Amino acid sequence: MKIAMIGTGYVGLVSGVCFSDFGHNVICVDKNPDKIAMLEAGRVPIYEPGLDAVMARNVTAGRLSFSGDLAQAVDGADAVFIAVGTPSRRGDHHADLSYVMAAAQEIAAAATGYIVVVTKSTVPVSTNRKVQAAIAEANPNLEFDVVSNPEFLREGSAINDFMMPDRVVVGVETERARKVMAEIYRPLYLRDFPIVTTDLESAEMIKYAANAFLATKITFINEIAALCEKVGADVKQVAKGIGMDGRIGNKFLHAGPGYGGSCFPKDTRALARIGQEHASPLQIVEAVVKVNEEVKRRMIDKLLDLCDGSFNGKTVLVLGVTFKPNTDDMRDAPALTIIPAMVGGGAKVRVIDPQGRQEGEALLPGVEWVSDVYTAAEGADLLVTLTQWNEFRALELSRIASSMAVPRMADLRNIYSAEAAAEAGFVAYDGIGRPRIAERDAV
Ligand SMILES: NC(=O)c1ccc[n+]([C@@H]2O[C@H](COP(=O)([O-])OP(=O)(O)OC[C@H]3O[C@@H](n4cnc5c(N)ncnc54)[C@H](O)[C@@H]3O)[C@@H](O)[C@H]2O)c1
């Protein structure tokens with residue numbers, strides 16, 4: 001199959017690289033010339049473990065190339081995937097479809113023979129029909145079909161997720177397009193990965209419903225964590241106890257500082273808007289959006305409490321700023337709410353993140369970027385774990401505690417425990433939904 005992939009972001013690049021690894025001929029297109037120049041030089045513009053090696057081997061094999069020229073990539077392709085961004089629209093939180101519709105127009109102008117136009121971007125119900133109508137209007141003689149093929153990969157494990165998916169969802173309405181999609185995903189069919197075939201609207205809805213459900217699960221355990229703190233229960237034990245129930249499952253039950261990232265915040269808001277527009281409000285999703293904001297604010301209260309009620313003049317060391325480990329993505333990361341609150345309150349904030357600096361520098365003005373935890377801890381009043389990168393999981397806590405001005409820890413990912421912190425010499429420790437040590441208890 002000859003495939004054109006429009007957009008070389010987290011989804012487009014991973015999908016394009018993996019399709020070429022399936023044996024297809026793929027041209028990845030982006031309108032950002034810097035990205036194309038990097039890719040042509042063999043460099044990956046994002047941090048995604050394992051992507052560089054799969055990319056290099058398919059470029060070498062001659063199956064994968066990069067281009068800024070959409071028309072040339074689309075002409076003669078069997079399928080063109082739209083994998084451009086659908087960010088939250090300013091003001092109303094609708095999914096901004098301008099990039100998707102612009103790509104559709106460009107495809108209509110470039111295609112000359114039968115082509116399957118596949119939407120991989122996360123788009124509200126009815127968008128694929130709009131794409132269909134726009135192409136038909138712009139190029140009435142073109143033979144084409146539109147397919148909805150939402151993507152479920154997770155940043156940080158994207159290659160695995162793409163190559164070994166829980167399922168592939170294909171919204172398709174003609175036999176001709178179904179055959180093209182079956183050919184594209186043949187390696188997955190052969191290995192018996194489930195392929196769910198639906199109509200266009202159901203495929204679009206599956207993606208939003210899946211993300212909203214996962215965001216709900218995280219938010220649920222975050223609210224339970226807040227209650228655990230009040231009643232003296234331990235949310236880690238609670239999550240374990242409920243997660244063993246097969247109907248509930250143990251994934252997405254880690255209490256933390258609120259969900260962030262490139263998908264959950266914008267997709268929950270967009271789904272809430274879709275519900276309102278169709279006079280079928282999604283009250284649970286609306287509550288999730290609201291509670292998640294409160295969870296982030298609750299984190300600031302925790303930190304303030306550990307700083308004796310004022311950030312002014314305090315030195316804080318923050319471990320991790322990306323929205324989760326193994327990515328450089330900072331979009332809607334809780335760090336973007338929590339760190340500015342401390343900087344604004346007069347704290348001197350030192351920040352360390354294995355991959356987040358390039359994105360984070362512009363987003364987090366006023367912080368000092370450091371690289372070594374132990375030297376950065378010297379003279380600090382508070383240590384905050386904000387992203388659970390592996391390298392933050394086994395720190396020598398006693399070494400850190402002994403060099404801090406006042407050894408206090410806010411463990412917003414529950415990496416450590418009150419006992420471990422106390423043993424290492426911390427005088428105060430606060431996690432999420434777990435027993436804490438307050439300074440007054442220690443003295
Ligand atoms: N990031 C994820 O983990 C993830 C997971 C599943 C689904 N999605 C969905 O996939 C879509 C893409 O997300 P992303 O995170 O990869 O976005 P991104 O912002 O990282 O990348 C989008 C890319 O598209 C390019 N682009 C935009 N318009 C273009 C055009 N007309 N021609 C060529 N290139 C163009 C941009 O320059 C950019 O490089 C979104 O709808 C998102 O919701 C994302």
Side-chain angles (χ1 to χ4, degrees), residues 4-18 27-39 44-49 51 66-74 80-89 93-110 117-124 127-128 131 134 148-162 165-169 203-204 206-212 214-215 259-271 322-324 326-333 359:
M5 183 66 63
I6 314 300
T8 63
Y10 290 83
V11 163
L13 186 57
V14 170
S15 306
V17 166
C18 291
I27 304 179
C28 291
V29 180
D30 207 288
K31 65 177 183 189
N32 180 339
D34 295 341
K35 279 195 181 179
I36 294 300
M38 272 185 91
L39 289 163
V44 180
I46 53 170
Y47 176 72
E48 181 58 48
L51 185 56
F66 307 98
S67 171
D69 187 347
L70 184 144
Q72 175 233 323
V74 165
V80 49
F81 283 75
I82 301 175
V84 300
T86 48
S88 242
R89 202 161 64 189
H93 296 314
H94 255 300
D96 180 352
L97 294 178
S98 56
Y99 302 101
V100 170
M101 296 314 291
Q105 291 292 348
E106 288 182 67
I107 292 166
V117 181
V118 190
T119 309
K120 219 173 214 332
S121 301
T122 301
V123 293
T127 303
N128 276 283
V131 167
S148 170
N149 176 218
E151 183 50 55
F152 299 91
L153 62 77
R154 293 162 301 173
E155 289 173 19
S157 54
I159 304 275
N160 247 358
D161 289 350
F162 197 93
D166 289 341
R167 79 311 204 181
V168 174
V169 172
E204 293 168 326
I206 286 169
K207 176 64 192 172
Y208 275 105
N211 272 0
L214 294 171
Y259 62 75
S262 60
C263 293
F264 290 173
K266 78 173 176 65
D267 292 348
T268 45
R269 288 196 186 104
L271 184 58
T322 53
F323 86 95
K324 67 172 178 179
N326 297 323
T327 183
D328 57 353
D329 203 337
M330 291 287 301
R331 285 178 280 186
D332 268 313
E359 281 290 303

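In each ligand, atom 1 is the first atom listed, and ligand 1 is the first ligand listed. Because only heavy atoms are used, hydrogens play no part in the values below, and waters and symmetry mates are left out as well, while side chains stay in. Computed from a predicted structure; not experimentally measured.
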Nearest heavy atom to [atom] wins, so pick from [options].
atom	options	result
atom 26 (N) of ligand 1	Asp161, Val84, Val123	Val84
atom 15 (O) of ligand 1	Glu48, Arg331, Glu151	Arg331
atom 3 (O) of ligand 1	Lys266, Glu155, Glu106, Lys207	Glu155
atom 5 (C) of ligand 1	Leu153, Asp329, Asp96	Leu153
atom 36 (C) of ligand 1	Thr86, Asp30, Asn32, Asp267	Asp30

Heavy atoms, side chains only, cut-off 4.5 Å: are [X] and [Y] in contact?
X	Y	result
Phe264	Leu214	yes
Asp329	Glu359	no
Val100	Val131	yes

Side chain, backbone, both or neither: which applies to [X] and ligand 1 if a contact is any heavy-atom pair less than 4.0 Å apart?
X	result
Ala158	neither
Gln105	neither
Lys35	side chain
Ala102	neither

Out of all atoms in ligand 1, which are within 4.0 Å of some heavy atom of [X]? Include the element for each.
X	answer
Gly9	16 (O), 18 (P), 20 (O), 21 (O), 23 (C)
Cys263	2 (C), 4 (C), 5 (C), 8 (N), 44 (C)
Gly7	23 (C), 24 (O), 25 (C), 34 (N)
Gly85	22 (C)

**Report entry** Contacts of type side chain to side chain donor-acceptor pair (under 3.5 Å), residue Tyr208, not counting sequence neighbours
**Finding:**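 For Tyr208 there are no side chain to side chain donor-acceptor pair (under 3.5 Å) partners, ignoring immediate neighbours.
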Query - Within-cut-off N or O pair, Val11 and ligand 1, under 3.5 Å - result: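 It does: an N or O of Val11 is found under 3.5 Å from an N or O of ligand 1.
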Query - Closest non-hydrogen atom pair between Glu151 and Lys207, with its separation - result: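 The answer is O-NZ, 2.7 Å.
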Report task. Considering non-hydrogen atoms only, spot the tightest contact between Thr327 and Thr322 and give its length. Result -> O-CG2, 3.2 Å
For [atom], what is the closest protein heavy atom, and at what distance to 0.1 Å?
atom	result
atom 34 (N) of ligand 1	Lys31 N, 3.2 Å
atom 9 (C) of ligand 1	Thr122 OG1, 3.4 Å
atom 32 (N) of ligand 1	Ile6 CG2, 3.5 Å

**Report entry** Pair Asn211, Tyr259: side-chain N/O donor-acceptor within cut-off below 3.5 Å
**Finding:** no
Query raised in the report: Between Ser262 and Glu155, do the side chains contain an N or O donor and an N or O acceptor separated by less than 3.5 Å?
Result: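 Yes, a side-chain donor-acceptor pair sits under 3.5 Å.
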Query raised in the report: With a cut-off of 6.0 Å (strictly less than), are more than 12 heavy atoms of other residues, nucleotides or ligands near CZ of Arg154?
Result: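 Not more than 12 within 6.0 Å, no.
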Query - For Phe162, all residues meeting ring-ring contact (aromatic ring centres under 6.0 Å, His included), sequence neighbours excluded - result: Phe19
Query raised in the report: Cation-pi between Arg167 and Phe152: NZ/CZ under 6.0 Å from ring centre and within 45° of the ring axis?
Result: yes
